[in-house]
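Below is one structure, written out as structure tokens, with a few remarks after it.
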Amino acid sequence: MKKSISILLSSLFISGLILAGVTTTTVNAEADIMQTTDTTENNQITNVIVFKDLTGKKMGSTTVTGKNVGDYVNLSSLGKNAPKSYDLAIDNLSLQANGSTQNVTVVPQGRSRFYGVVRINDQTESGHGAMYHPFAGQDSEEFGTYPVPGTSLGGLAYGSEWKIFEVASWGNNQIYYRVDPNDWISAKDATLISTTPIAASNSVQKSDRSVVTTKNQMAYLTRKDGSAVMNRDLGANTPWFTDKMALINGVKMYRVATDEWVKASDIIE
């Protein structure tokens, strides 16, 4: 229904309001009201969140809402809508256009076997490459927090690529990759570029020597499945009997106990 603004102005003048310099025109008041109503009803952005593990497997999905594109959503509020017994790789995300789908990586809580390759980011938290996070094999305050001065053993260079053999998560956005028997790096400092499993080779064969002697430093041990032996190592400059050799995660190793192997690079040739 159309109304004339001139009629409205006349009523206001009679009420004692003085309006000057107003141009009389005709508007569609009904259409104007409908437009306002539509804006109010649609002032909510909805995105679909798809949860995927490190291999890209779908682990579930949910939706998040907000008022504006670009607004941040705290993912800790998802609660039971997130996969059970998994942690999220990020704390929050920003809303994209209404109806968009976003992927969120999830990682099993605690420690789990995982093989892949990571590339160290050009920018890291420390500004000095990917710093090591020493981990003694059990949950501790030291692991899951940034290295305290004096505990860091060094780090990995920007742009370098490394095989990983295990992943650990102590909560949302607190995820770490194991890059050698005793050192971990934060997932925030690296990009996962390959998730193809690096399976231990079955080509175990007779050793080409009967004794191996460690170099002038402690040598870490590995099991045949590629996992680290956390409570034992070989002392520096010590000889050990060996009977088997094999490629484990692509690395040549010698067996020095029932299921304990030492890297060929850690012994004197």
Side-chain angles (χ1 to χ4, degrees), residues 35-112 114 116-133 135 139-148 152 155-156 158-159 164 166-179 184-195:
Q35 182 178 3
T36 303
T37 301
D38 287 346
T39 301
T40 301
E41 291 178 349
N42 292 327
N43 192 25
Q44 182 164 289
I45 304 297
T46 300
N47 282 187
V48 176
I49 303 301
V50 177
F51 302 107
K52 293 186 177 182
D53 67 10
L54 290 170
T55 66
K57 179 181 178 182
K58 183 177 178 179
M59 305 298 293
S61 63
T62 189
T63 58
V64 293
T65 59
K67 291 185 177 180
N68 303 296
V69 172
D71 284 352
Y72 280 94
V73 176
N74 188 338
L75 297 182
S76 63
S77 63
L78 295 178
K80 65 180 181 180
N81 292 324
K84 185 178 180 180
S85 300
Y86 281 78
D87 289 327
L88 310 182
I90 56 176
D91 289 323
N92 51 60
L93 55 75
S94 59
L95 290 173
Q96 297 179 1
N98 188 45
S100 296
T101 297
Q102 300 194 55
N103 295 325
V104 172
T105 300
V106 295
V107 177
Q109 294 172 353
R111 295 175 59 174
S112 56
F114 181 79
V117 177
V118 296
R119 178 181 294 119
I120 307 305
N121 298 334
D122 292 333
Q123 294 183 340
T124 59
E125 289 187 311
S126 69
H128 300 284
M131 303 299 289
Y132 287 145
H133 293 249
F135 181 36
D139 193 357
S140 68
E141 291 185 0
E142 178 180 308
F143 184 72
T145 60
Y146 205 71
V148 178
S152 175
L156 305 179
Y158 298 118
I164 58 174
E166 194 171 2
V167 62
S169 178
W170 295 148
N172 290 348
N173 205 20
Q174 296 294 323
I175 297 169
Y176 300 84
Y177 297 128
R178 182 169 69 83
V179 293
W184 303 67
I185 61 171
S186 171
K188 299 175 185 177
D189 290 338
T191 300
L192 187 64
I193 61 174
S194 172
T195 59

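Since the structure is predicted, the reported quantities are computational estimates derived from the model, not experimental observations.
- Partners of Asp91 by side chain to side chain donor-acceptor pair (under 3.5 Å), not counting sequence neighbours, listed by chain and number: Asn173.
- Remark: Asn92 pairs with no residue by the side chain to side chain donor-acceptor pair (under 3.5 Å) rule, at least two apart or across chains.
- One distance of note links CZ of Phe51 with NZ of Lys58; it measures 10.5 Å at 0.5 Å rounding.
- Atom-to-atom distance recorded for Gln123:CD and Asp189:CG is 11.0 Å, nearest 0.5 angstrom.
- At distances below 3.5 Å, not a single donor-acceptor pair connects side-chain atoms of Asp87 with backbone N or O atoms of Val107.
- Residues satisfying the side chain to side chain contact (heavy atoms under 4.5 Å, CB included) test with Lys57, not counting sequence neighbours, are Asp53, Thr55, Met59.
- Annotation: the span from Ile185 atom CD1 to Arg178 atom CZ amounts to 12.5 Å, rounded to 0.5 Å.
- Considering CG of Leu95 and CG of Asn68, their distance stands at 8.5 Å, rounded to 0.5 Å.
- Note that the CD1 atom of Ile175 and the CH2 atom of Trp184 stand 12.0 Å from one another [nearest 0.5 Å].
- For Ser76, the side chain to side chain donor-acceptor pair (under 3.5 Å) partners two or more places apart in sequence, or in a different chain, are Asn74.
- Rounded to the nearest 0.5 angstrom, Lys188 NZ and Gln174 CD are separated by 4.5 Å.
- Residues satisfying the side chain to side chain donor-acceptor pair (under 3.5 Å) criterion with Thr101, sequence neighbours excluded, are absent altogether.
- With sequence neighbours left out, the side chain to side chain contact (heavy atoms under 4.5 Å, CB included) criterion links Ser94 to Tyr72.
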